[in-house]
A.B. asks: 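One structure is given below, represented as structure tokens, and several questions about it will come after.
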Amino acid sequence: MSDLRLYNTYTRTVEEFHPLHDKNVGLYVCGPTVYGPPHLGHVRGPVVFDVLRRYMEFQGLKVRHVRNITDVGHLVGDGDEGEDKLSKQARLEQVEPMEIAQAYTLAYNDMCRMMNTLPPSIEPRASGHILEQIGMIEAIINAGLAYEANGSVYFDVLTYAKTHDYGKLSGRVLEDLIAGAGNEARELEGQGEKRNPNDFALWKKAAPEHIMQWNSPWGTGYPGWHIECSAMSRKYLGDIFDIHGGGMDLLFPHHESEIAQSTACTGHNPARFWIHHNMITINGQKMAKSLNNGIRVDELFAGNHPLLEQAYSPMTLRFFILQAHYRGTLDFSNEALQASDKGLQRLLNAAAQVKKLPVSDIGEYAVSDIWNNCVQSMNEDLNTPQVIAQLFEAARVCNQAADEKLKLDRENVELLGRLFDTWLLGILGIKAEEKGHESALDGVMQLLLTMRAEAKTNKNYALSDEIRNKLTALGFTIKDGKDGSSWSL
RNA sequence: GGUCGGAUGGCCGAGCGGCUAGGCACAGGUCUGCAAAACCUUUUACACCGGUUCGAAUCCGGUUCCGACCUCCA
């Protein structure tokens with residue numbers, strides 16, 4: 001099996017991936033800040049990194065997958081000093097901050113389960129790792145790269161930049177940041193305690209009325225946003241681990257700061273590979289509160305949003321996401337979703353049919369070619385769209401064989417079956433949608449189909465058509481074959 | 001304003017120097033009492049202007065649009 005190559009944002013090149021420790025892979029992915037219900041934009045990351053993980057496991061690697069829950073420290077950036085997102089939401093909903101965190105953590109995990117992503121090996125939360133964060137902040141202070149000011153602690157970016165390349169990951173030049181537009185305005189907002197506007201908070205002093213606060217060597221307060229990931233990834237994956245992932249929006253300042261923090265503390269960039277997925281747009285526009293085009297996942301699954309013409313299933317969404325390469329933006333529209341829905345159905349039908357294929361003595365097609373192409377495509381920076389194209393080729397082969405227009409020998413029929421199991425279900429993580437009360441429903445349907453068959457035998461086509469049309473109107477698909485009729489939803 | 005990344009046929013989306021993915025939609029055909037499904041066939045491309053090259057959607061330059069990020073802000 002050839003080697004996996006991945007695009008590394010840090011070096012801006014595609015590099016061969018080899019685990020640091022034998023067959024064990026450490027994968028850290030930035031999880032959500034749990035202050036609101038999951039929306040469409042939250043889905044892509046879990047799906048993309050789930051496929052990466054599944055593929056690595058398919059190749060015999062063992063993956064320790066860590067995904068954090070940010071339940072403290074992420075501030076709302078609107079003027080003043082900024083307020084913690086969870087605290088703000090708690091105030092709005094008049095509940096404890098941890099109730100907010102709990103409710104939306106559950107909602108996020110529900111979403112992940114519906115999307116059929118494998119649960120992370122470890123799911124640490126920021127509020128449960130205050131000690132580790134304080135420890136790391138102390139180490140950074142001892143290294144001379146952070147300073148205390150009025151009960152808060154800030155990372156000293158300018159000093160750090162004298163010996164390190166601050167900005168390499170996000171492609172930013174410090175001088176530009178200093179001279180960047182908007183700094184004048186921001187400086188007016190009372191950032192006096194920072195030595196430099198580019199310094200970022202490691203620890204924030206909490207006002208007495210602040211509802212989330214912990215004791216620290218610098219008084220009561222709460223950790224900054226970036227330090228949690230540095231502390232938790234280090235605790236569970238070590239000073240250096242294989243892959244750190246997240247959305248492209250986290251490139252700066254979040255991941256840039258993580259690198260600075262870890263380097264200040266351990267002397268190393270914590271991750272060998274930095275992998276970032278792109279964003280989802282809607283009808284060509286980005287999702288934004290101001291555009292009022294944000295769609296929550298529950299709205300998508302229920303179909304009750306003004307922009308939605310119908311409900312879409314979690315697997316349709318998963319398939320839709322994987323039909324695009326993870327580093328490109330993905331445009332969401334009803335037309336595109338409907339296309340994915342039908343395409344996926346086609347693959348699933350073929351996959352279900354493969355077990356009933358006639359076996360011939362002659363093999364007119366080598367399924368192994370398809371398999372090898374799948375491997376090649378995945379190895380080239382997870383090119384799932386190409387894998388899917390290969391699966392459609394497999395579906396065509398399958399359908400042709402079913403129609404006896406193409407002969408497959410036993411070996412190839414079996415390989416075709418394994419192809420769908422391994423690639424569609426295993427690596428792409430598509431599961432056939434479960435339908436409730438399947439057997440009872442099937443009984444009713446068989447009854448109706450028998451009645452319709454009788455009507456047809458009696459040449460009562462008016463009745464047989466009526467049965468079919470009304471079933472069609474209810475969403476059923478009736479297929480008339482040589483050996484009788486079958487149905488699907 | 002700064003820094004990156006994009007512009008591919010009706011829609012979504014691969015490809016990144018010659019062999020022009022794939023899905024959906026459309027059209028024709030096979031099958032069928034009629035449909036559906038399936039299969040076969042087929043039409044629409046590479047934002048614009050220059051250049052490099054025997055040859056460019058793919059490389060270079062310019063133009064126009066679009067997006068992300070630019071500090072405590074998914």
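Labels below follow one simple rule: chain letters A, B, ... track the order of the sequence lines, proteins then strands, and each chain is numbered from 1. All figures in this text were calculated on a predicted structure; none of them were measured in a lab.
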A.B. asks: Choosing from A36(B), C4(B), C39(B), which nucleotide comes nearest the side chain of Thr477(A)?
C.D. replies: A36(B)
A.B. asks: Using whole Å, what does the distance between atom C1' of nucleotide C12(B) and atom OH of Tyr326(A) come to?
C.D. replies: 20 Å
A.B. asks: Could you tell me how far apart Met378(A) (CE) and A14(B) (P) are, to the nearest whole angstrom?
C.D. replies: 14 Å
A.B. asks: How close or far is atom P of C31(B) from atom NZ of Lys405(A), stated in whole angstroms?
C.D. replies: 10 Å
A.B. asks: Applying side chain to side chain donor-acceptor pair (under 3.5 Å), which residue pairs with at least one partner in residues 456-465 of chain A are found, sequence neighbours left out?
C.D. replies: Lys456(A)-Asp480(A)
A.B. asks: Is there a side-chain contact between Gln400(A) and the phosphate of C40(B), meaning an N or O under 4.0 Å from OP1 or OP2?
C.D. replies: yes
A.B. asks: May I ask you to say what Pro32(A) touches in the nucleic acid, namely base, sugar-phosphate or nothing, with a heavy-atom cut-off under 4.0 Å?
C.D. replies: nothing
A.B. asks: Can the ring centroids of His226(A) and Phe200(A) be said to lie less than 6.0 angstrom from one another?
C.D. replies: yes
A.B. asks: What residue pairs, at least two apart or across chains, pass salt bridge (Lys or Arg N to Asp or Glu O under 4.0 Å) with a residue in residues 145-158 of chain A?
C.D. replies: Asp156(A)-Arg195(A)
A.B. asks: My understanding is that only one of Ile69(A), Thr70(A), Asn68(A) makes a side-chain contact (heavy atoms from CB on, under 4.5 Å) with Pro32(A); could you say which?
C.D. replies: Ile69(A)
A.B. asks: Heavy-atom nearest nucleotide on RNA chain B for His277(A) versus Arg327(A): which residue maps closer to 5'?
C.D. replies: Arg327(A)
A.B. asks: A25(B) and C19(B): how far apart are their P atoms, nearest whole angstrom?
C.D. replies: 29 Å
A.B. asks: Are His255(A) and His276(A) close enough that their ring centres sit under 6.0 Å apart?
C.D. replies: yes
A.B. asks: Partners of His164(A) by ring pair (Phe, Tyr, Trp, His ring centres under 6.0 Å), sequence neighbours excluded?
C.D. replies: Tyr160(A)
A.B. asks: Please determine, for the side chain of Phe252(A), which listed nucleotide (A14(B), C39(B), C70(B)) has the closest atom?
C.D. replies: C70(B)
A.B. asks: How far, in whole Å, is G6(B) from G15(B) if one measures between their C1' atoms?
C.D. replies: 15 Å
A.B. asks: What does the list of N/O pairs under 3.5 Å between the protein and nucleotides 32-34 of chain B look like, with a distance for each?
C.D. replies:
{"unit_1": "G33(B)", "atom_1": "N1", "unit_2": "Asp465(A)", "atom_2": "OD1", "d": "3.1"}
{"unit_1": "G33(B)", "atom_1": "N2", "unit_2": "Asp465(A)", "atom_2": "OD2", "d": "3.1"}
{"unit_1": "C34(B)", "atom_1": "O2", "unit_2": "Arg468(A)", "atom_2": "NH2", "d": "3.0"}
{"unit_1": "C34(B)", "atom_1": "N3", "unit_2": "Arg468(A)", "atom_2": "NH1", "d": "2.8"}
{"unit_1": "C34(B)", "atom_1": "N3", "unit_2": "Arg468(A)", "atom_2": "NH2", "d": "3.4"}
{"unit_1": "C34(B)", "atom_1": "N4", "unit_2": "Arg468(A)", "atom_2": "NH1", "d": "3.3"}

A.B. asks: Please give, in whole Å, the distance from C12(B) C1' to Ile282(A) CD1?
C.D. replies: 15 Å
A.B. asks: Roughly how many Å is it from CD1 in Ile280(A) to C1' in G67(B), rounded to a whole number?
C.D. replies: 15 Å
A.B. asks: Identify whether any heavy atom of Ala324(A) sits under 4.0 Å from a base atom; if not, whether one sits that close to sugar-phosphate; answer base, sugar-phosphate or nothing.
C.D. replies: sugar-phosphate
A.B. asks: Could you pull out all residues at least two apart from Arg327(A) that satisfy salt bridge (charged side-chain N to carboxylate O under 4.0 Å, His left out)?
C.D. replies: Asp381(A)
A.B. asks: Between U32(B) and C39(B), how far apart are the C1' atoms? Round to whole Å, please.
C.D. replies: 14 Å
A.B. asks: Rounded to whole angstroms, how far apart are CG on Asp403(A) and P on C31(B)?
C.D. replies: 13 Å
A.B. asks: Between Glu380(A) and Arg5(A), is there a salt bridge with N-O shorter than 4.0 Å?
C.D. replies: yes
A.B. asks: Tell me what Leu251(A) touches on the nucleic acid: a base, only sugar-phosphate, or nothing, going by heavy atoms under 4.0 Å.
C.D. replies: nothing
A.B. asks: Describe the nucleic acid contact of Gly247(A) in one word from base, sugar-phosphate, nothing, applying a heavy-atom distance below 4.0 Å.
C.D. replies: nothing
A.B. asks: Looking only at atom C1', what distance separates U30(B) and A36(B), rounded to whole Å?
C.D. replies: 15 Å
A.B. asks: What distance, rounded to whole Å, do you find between the two C1' atoms, one in C24(B) and one in G33(B)?
C.D. replies: 30 Å
A.B. asks: Under the rule for side chain to side chain donor-acceptor pair (under 3.5 Å), what residues qualify as partners of Thr220(A), not counting sequence neighbours?
C.D. replies: Gln213(A)
A.B. asks: Counting only pairs under 3.5 Å, give me each side-chain donor-acceptor contact of residues 396-408 of chain A, with atom names and distances, residues two or more places apart or in other chains.
C.D. replies:
{"unit_1": "Arg396(A)", "atom_1": "NH1", "unit_2": "Glu393(A)", "atom_2": "OE1", "d": "2.6"}
{"unit_1": "Asn399(A)", "atom_1": "OD1", "unit_2": "Gln353(A)", "atom_2": "NE2", "d": "2.9"}
{"unit_1": "Asn399(A)", "atom_1": "ND2", "unit_2": "Ala395(A)", "atom_2": "O", "d": "3.2"}

A.B. asks: Base, sugar-phosphate, or nothing for Met279(A), non-hydrogen atoms under 4.0 angstrom?
C.D. replies: base
A.B. asks: Which pairs, protein N/O on one side and nucleotides 15-24 of chain B N/O on the other, fall under 3.5 Å?
C.D. replies:
{"unit_1": "G15(B)", "atom_1": "OP1", "unit_2": "Asn383(A)", "atom_2": "ND2", "d": "2.9"}

A.B. asks: With Asp110(A), which residues qualify under salt bridge (charged side-chain N to carboxylate O under 4.0 Å, His left out), at least two apart?
C.D. replies: Arg113(A)
A.B. asks: Please identify each residue that fulfils ring pair (Phe, Tyr, Trp, His ring centres under 6.0 Å) with Phe476(A), with sequence neighbours left out.
C.D. replies: Trp487(A)
A.B. asks: So Leu330(A), base contact, sugar-phosphate only, or nothing? Heavy-atom distance under 4.0 Å.
C.D. replies: sugar-phosphate
A.B. asks: Only Watson-Crick and G-U wobble pairs with both distances less than 3.5 Å should count. Give RNA chain B in dot-bracket notation, marking inter-strand partners with |.
C.D. replies: (((((((..(((.....[...)))..((((.......)))).....(((((..]....))))))))))))....
A.B. asks: Pick the P atom in G28(B) and in C69(B), then give their distance to the nearest Å.
C.D. replies: 47 Å
A.B. asks: Within this structure, what is the CG-to-C1' distance between Asp381(A) and A14(B), rounded to whole angstrom?
C.D. replies: 13 Å
A.B. asks: Please give, in whole Å, the distance from A36(B) C1' to Asn469(A) CG?
C.D. replies: 11 Å
A.B. asks: Are Phe332(A) and Leu307(A) side-chain neighbours, meaning at least one heavy-atom pair lies under 4.5 Å?
C.D. replies: no
A.B. asks: Considering residues at least two apart in sequence or located in another chain, which fulfil the ring pair (Phe, Tyr, Trp, His ring centres under 6.0 Å) criterion with Tyr7(A)?
C.D. replies: none
A.B. asks: Would you classify Leu250(A) as touching base, sugar-phosphate or nothing, given that sugar-phosphate means primed atoms plus P, OP1 and OP2, and contacts are heavy atoms under 4.0 Å?
C.D. replies: sugar-phosphate
